[in-house]
Amino acid sequence: MQAPAVGGVSAPRGNGKTIRLPQGASLTDFAEKIGANPASLVAIMMHLGKMVTATQSVDPDDLMALGLELDFDVQVVSPEDEDRALLESFDIEYGEDEGGEENLQSRPPVVTVMGHVDHGKTKLLDAVRHANVQAGEAGGITQHIGAYQVETEVDGEERKITFIDTPGHEAFTAMRARGADTTDLVVLVVAADDGVKPQTTEAIDHATAAGVPIVVAVNKIDVEGADPNRVRAQLTEYGLVAEEFGGDTQFIDVSAKQGTNIDGLLEAIVLTADATLDLKANPDMPAQGSAIEAHLDKGRGAVATVLVQRGTLRVGDSIVCGVANGRVRAMLDENGNSVEEAGPSRPVMVLGLAAVPGAGDNFLVVEDDRVARQIADKRVARKRNAELLKSRKSSSLEELFKDLERGERQELLLILKGDVSGSVEALEDSLLKIDVGDEVNLRIIRRGVGAITQDDVNLSLASEGAVIIGFNVRPERNAQELADREGVDIRYYSIIYQAIEEIEAALKGMLKPEFEEAQLGTAEVREIFKVPRIGNVAGSMVLSGIIQRNAKARLVRDGVVVADNLTVSSLRRFKDDATEVREGFECGIGVGYNDIKLGDVIECFEMREKPRD
């Protein structure tokens, strides 16, 4: 059945029929679902005030508006629902242990170390696993996520604990939040000499949102001015009451630098996990879990640090992780030793993926390489559509006309490349939070892991000047030569805040200057002289400031502006021309306006550029 013509175009009517479309769907996808000509849907969208091509990704709200116009109930499927449906089509259930209670076995707790910058999180992990992570970090700030497993003895029994090391800088809030999402328990590090700081409360919020218990490590007890009891008192305001104060939170006084009471901290973690959590998983099923970190290694290709959450991962398994797929060629532990299999709560580095997955992507073992490749290909297509939708400029006719009226809005395009996916994600998150108003847009058209390639430079050229940001990476030789030849701007950073500050400065530099009025002086009209070819000249006394030739002026009579947008075209002291006349002196002022009366006040001012915050 055909619908009545909409804007002169007819299209099938849905009669309330429901159609499901993925995010980033085009009008061609919509047309296939309802058996219509895509061109007719383009015309209807124009009638609705939207300029969209047939193959362009369409905003979900616009798809639903089009559905209403044609009497279809359009449901735009979320990426999570779409992914769940994709896995169900391959008879895969993600996020659940197979079998019953009898198949579950105890697993080690997964712990995230959080807290304020410089309170000693990395030093504490050094003390826990006897390895100096911090020596390799730029500026002493943890830039990447790592995962490590340690052993300790509790009540004569060997127990294992998995630590996830999240970045310590506040710019990496998103990564730290994800760390809490994959964890069972949080160790909150607070310096005994510094107390509760903004990131301390931020860490508490993340842990509370994830619904995980907290063990507080009061660090730096060996430093002068250390007061562990003050930390305990401060944290009671945030609901963390120490056991010695009648609460249920374990506070452990440690010195990461001296290695004091580290065993006590590990024991507190195990006891808290035993008391509050029932940590079990089925090790006898295909492995599932999360990618903690991933990067591109020159000799080994894509390398992902994964945390097995259920099942057992083995060398030779076919695996899909986010948009990456492959076969597990080798697995390494945190010390670089080969591992044949990894059970629940075990972090390992996996080699053999065809691409670099994103930090936080789920991974799962499937029956063969073909299934892994099909799932990855469908995820890649969905991701590409979502990125197209995200990067596309708004194209409503109304906004187009507004842009034309005020001059094209300024836009800074960026291509982000980094050494690991977590850093790229955190940098993108921080850059998109920069606020310089509505006049300037920041658009990230690509993000990726690995060296800057020719394809990145070509994308910059195609987008007419996107700036390439390299975070701990450099360009390939051919890419550098092309960039030099074509004048493509590539910026290199190793500290995230340098990148944020420079991009913010660039955005503010793109803003049109704002001007504010600065009053120079006022003069009262005492006499009026008629001068041939010039008109009336006001014989005036300068009451305040200075009157300058060629400055802007206005004429005020009895407190009311009678003439604006005037210019001091002539200025004389007696018979001599003057460039300026100061307060307390008489002068003749010509402003190109003849309706001047005795007692009028001439205000002289200039427009000065207003510095932006």
For residues 343-359, dump all side-chain donor-acceptor pairs below 3.5 Å to protein atoms at least two apart in sequence or in another chain.
| residue | atom | partner | partner atom | Å |
| --- | --- | --- | --- | --- |
| S345 | OG | R107 | NH1 | 2.9 |
| S345 | OG | P108 | O | 2.7 |
| R346 | NH1 | E334 | OE1 | 3.3 |

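With sequence neighbours excluded, the residues satisfying side-chain contact (heavy atoms from CB on, under 4.5 Å) with T28 are S26, E32, P38, A54, T55. Scanning for side-chain contact (heavy atoms from CB on, under 4.5 Å) contacts around D484 gives Q480, with sequence neighbours left out. Residues passing the salt bridge (Lys or Arg N to Asp or Glu O under 4.0 Å) test with D297 are R300, sequence neighbours excluded. Every residue two or more places apart in sequence or in another chain was checked for a salt bridge (Lys or Arg N to Asp or Glu O under 4.0 Å) with R373, and none qualifies. Applying the side chain to side chain donor-acceptor pair (under 3.5 Å) criterion to N325, with sequence neighbours excluded, gives no partner residue.
R327 places a side-chain N or O within 3.5 Å of a backbone atom of G316 that can act as its donor or acceptor partner.
Contact check on E481 versus R485 returns no salt bridge, with no Lys/Arg side-chain nitrogen under 4.0 Å from an Asp/Glu carboxylate oxygen. A salt bridge links K417 with D456: the closest approach of a Lys/Arg side-chain nitrogen to an acidic carboxylate oxygen falls below 4.0 angstrom. Taking the charged nitrogens against the carboxylate oxygens, E517 and R608 have no contact shorter than 4.0 Å, which rules out a salt bridge. In this structure, R446 pairs ionically with D455, as a charged nitrogen and a carboxylate oxygen lie closer than 4.0 Å.
The shortest non-hydrogen separation linking G289 to Q309 is CA-OE1, 3.2 Å. Across A483 and I490, no two heavy atoms sit closer than the pair CB-CD1, 3.6 Å.
With a 6.0 Å radius and a threshold of 12 heavy atoms from other residues, nucleotides or ligands, R491 has its CZ atom at or below the threshold.
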